[in-house]
K.L.:
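Dropping a structure here in structure tokens format, bear with me for questions.
So that the names make sense, note that chain A is the first sequence line, chain B the second, and so on, each numbered from 1. All values below come from the heavy atoms of this structure, side chains included, with hydrogens, waters and symmetry mates left out.
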Protein chains: 2
Amino acid sequence: MARRGSYAKGIAKREEILNAALDIVARAGYSRATVRELAQAVGLSQTGLLHYFGSKEQLFVEILRRRDEVDQHVFGAVDDEGRPALTDLPGAVTSLVRHNAEVPGLVQLYARFSSEAAEPGHPAHAYFRDRYETARSAAAASIVEHQAAGTLPAGLDPDRLAVILFALLDGLQTQWMYNPEIDMAEQLGYFWELLSSKTDEGDDSGPASSSAGSAAEG
Amino acid sequence: MARRGSYAKGIAKREEILNAALDIVARAGYSRATVRELAQAVGLSQTGLLHYFGSKEQLFVEILRRRDEVDQHVFGAVDDEGRPALTDLPGAVTSLVRHNAEVPGLVQLYARFSSEAAEPGHPAHAYFRDRYETARSAAAASIVEHQAAGTLPAGLDPDRLAVILFALLDGLQTQWMYNPEIDMAEQLGYFWELLSSKTDEGDDSGPASSSAGSAAEG
DNA sequence: GTCTATATATTGATAGAC
DNA sequence: GTCTATCAATATATAGAC
């Protein structure tokens, strides 16, 4: 849109920074993920980088957002126009998990930053809260579709299953960081297996505790 | 054992510090969990506290160890002599989770510290690695017993289920920190339900990826 | 054993020049 | 937009007195 010197370039530079940061973090991990290091990696001074993202927290949030966007396109949660796509949920999630095992630094960034931001006053608290909300909501919707299509047992509770799914993803990553021999994809596959072999009964008593969704997971 | 001035007192003081710290962290959370704050809370100077635990990391590890011991006794993973007890695993874990919801600060400490220590070089890395190993091992053993007793389907793979169980516990806590309305115990109950309604078939293909165990979980 | 004082290190943030 | 320089805020760790 806007040419003439400034606006467009600023956006481009932001993109460049984000992509580079994503790359560095993926390899070097969280400890190297200081504003200075990241800045230097893209040939900027600390101040230069902070010019684009007011604070470290905002920078990190943008990095994670960026990553989500990429993952969502790669693993088919959204189509080329960015609209939610109806894909094979188990397959997509498993692919995602397999991909995550290739970028340990990002897994670490996600784990650390999300646990730091769990503190209610943290600048990135809302980001994660909303992200979980959205992800659960999308996953639950996807589960419903699978049930309609007969690819997941109708007896499953979409909302609760969505919570469990993302809990599992996060938790697997933690254990994997301590023992890379743990095969996240394999474990996840077993989980789907457990679900599928569930006897197909109607609904049950307990009230669902939250909403549902289908974004990518860190 | 040893009387005469020093040794015994040192141990007692350590205990006192640990218990107090546990209490403070449970209420105040991780941000207040600086060596200084903890020291002051037990009427010591920062140096005074560090005299008992060489570093912050060691202190935190001891706090978590302490907590595990307490939890294991309360929730029956070990008997009064400290030997592994054969108890109702689903029940014990659910009780534990319910208890954790009462001590948000500890959940936070666990989440943050365990994600920090995930970095391979971290002083507490080995502690968590071993803890997960032990916990999985004990849980898997417990699952086997339940299967023998007919309280869990024989078709379940103990090793993989143990990984999934602890992943679920960790992950639920994360989501719960961002949205306390998420009922961890309820979610866990649903998970057990899913398992129990599993059609009771024999074993299957996939190789198990890790070992098993039955300690408490943060 | 416990304290005071201090060293040390890190890092995020700001002021202001170019 | 980008840099240099500098601040300021923590926090942990250590030295050494009492």
Side-chain angles (χ1 to χ4, degrees), chain A residues 2-18 20-21 24-25 28-64 108-109 112-113 116-117 119 121-125 127, chain B residues 2-18 20-21 24-25 28-63 108-109 112-113 116-117 119 121-125:
Chain A
R3 273 286 92 183
R4 208 58 212 126
S6 59
Y7 200 65
K9 184 187 172 190
I11 292 186
K13 188 75 183 177
R14 253 182 84 106
E15 289 300 290
E16 184 198 325
I17 294 171
L18 246 23
I24 291 135
V25 171
Y30 189 84
S31 31
R32 285 281 170 282
T34 150
V35 179
R36 262 192 188 79
E37 294 275 351
L38 256 23
Q40 150 176 354
V42 292
L44 276 183
S45 71
Q46 187 224 186
T47 327
L49 202 169
L50 243 33
H51 169 68
Y52 292 95
F53 312 83
S55 71
K56 178 202 179 185
E57 282 78 19
Q58 285 176 52
L59 168 61
F60 281 11
V61 165
E62 291 311 315
I63 291 178
L64 290 176
Q108 228 187 292
L109 170 68
R112 285 192 67 167
F113 197 49
E116 277 169 29
E119 195 115 18
H122 193 282
H125 188 83
Y127 163 70
Chain B
R3 275 284 94 186
R4 208 60 209 126
S6 59
Y7 200 64
K9 184 187 173 191
I11 292 186
K13 188 74 183 179
R14 253 182 84 106
E15 288 300 290
E16 184 198 325
I17 294 172
L18 245 23
I24 290 138
V25 172
Y30 190 84
S31 32
R32 285 280 170 282
T34 151
V35 179
R36 259 192 192 78
E37 294 274 351
L38 256 22
Q40 149 177 354
V42 292
L44 275 183
S45 70
Q46 186 223 186
T47 328
L49 202 171
L50 242 33
H51 169 69
Y52 292 94
F53 312 84
S55 71
K56 178 202 180 185
E57 281 79 20
Q58 285 177 52
L59 168 61
F60 281 12
V61 165
E62 291 310 316
I63 291 178
Q108 229 187 291
L109 170 68
R112 285 192 66 165
F113 197 49
E116 278 170 28
E119 196 115 18
H122 193 283
H125 189 83

K.L.:
Expressed as a whole number of angstroms, how long is the span from A:L50:CG to D:dT4:P?
P.N.:
15 Å

K.L.:
What is the separation between atom CZ on B:R32 and atom P on D:dT10, rounded to the nearest whole Å?
P.N.:
10 Å

K.L.:
Is the closest side-chain heavy-atom distance between A:R112 and B:E119 below 4.5 Å?
P.N.:
yes

K.L.:
Considering only D:dT14, D:dC3, D:dG1, which nucleotide approaches the side chain of B:T47 most closely?
P.N.:
D:dT14

K.L.:
If I compare all heavy atoms of A:R32 with all of A:L38, which pair ends up nearest, and what's the gap?
P.N.:
O-CD1, 4.4 Å

K.L.:
Taking CG from B:L49 and P from D:dA13, how many angstroms apart are they, rounded to a whole number?
P.N.:
12 Å

K.L.:
A:Q40 CD to D:dT2 C1': how many Å, rounded?
P.N.:
16 Å

K.L.:
Looking only at the side chain of B:K56 (C-beta and beyond, no hydrogens), which of the listed nucleotides C:dT14, C:dT2, D:dT12 gets closest?
P.N.:
D:dT12

K.L.:
From the list C:dG12, D:dT2, C:dT2, which nucleotide is the closest neighbour of the side chain of A:V35?
P.N.:
C:dG12

K.L.:
To the nearest angstrom, how far is B:E57 atom CD from D:dA13 atom P?
P.N.:
6 Å

K.L.:
Once hydrogens and angles are ignored, does a donor-acceptor distance under 3.5 Å link the base of C:dT4 to the side chain of B:S45?
P.N.:
no

K.L.:
Grab the CD-P distance between A:E116 and C:dG12 for me, whole Å please.
P.N.:
10 Å

K.L.:
Between A:H51 and A:R36, name the one whose nearest nucleotide on DNA chain D is closer to the 5' end.
P.N.:
A:H51

K.L.:
State, to 0.1 Å, how close A:S45 and A:A39 come at their nearest heavy-atom pair, and which atoms those are.
P.N.:
O-CB, 3.4 Å

K.L.:
Going by heavy atoms in the side chains, are B:F60 and B:Y30 under 4.5 Å from each other?
P.N.:
yes

K.L.:
Flag the pair B:H122 / B:F113 as yes when their ring centroid distance falls below 6.0 Å, and as no otherwise.
P.N.:
yes

K.L.:
Round to a whole Å and report the spacing from CZ of B:F53 to P of D:dA11.
P.N.:
20 Å

K.L.:
Take atom NE2 of B:H122 and atom C1' of D:dT12, then tell me their distance rounded to the nearest Å.
P.N.:
13 Å

K.L.:
Quick check: any donor-acceptor pair below 3.5 Å linking the side-chain of A:T34 to the base of C:dT10?
P.N.:
no

K.L.:
Given that B:K13 and B:Q46 both sit by DNA chain C, which one's nearest nucleotide is further toward the 5' end?
P.N.:
B:K13

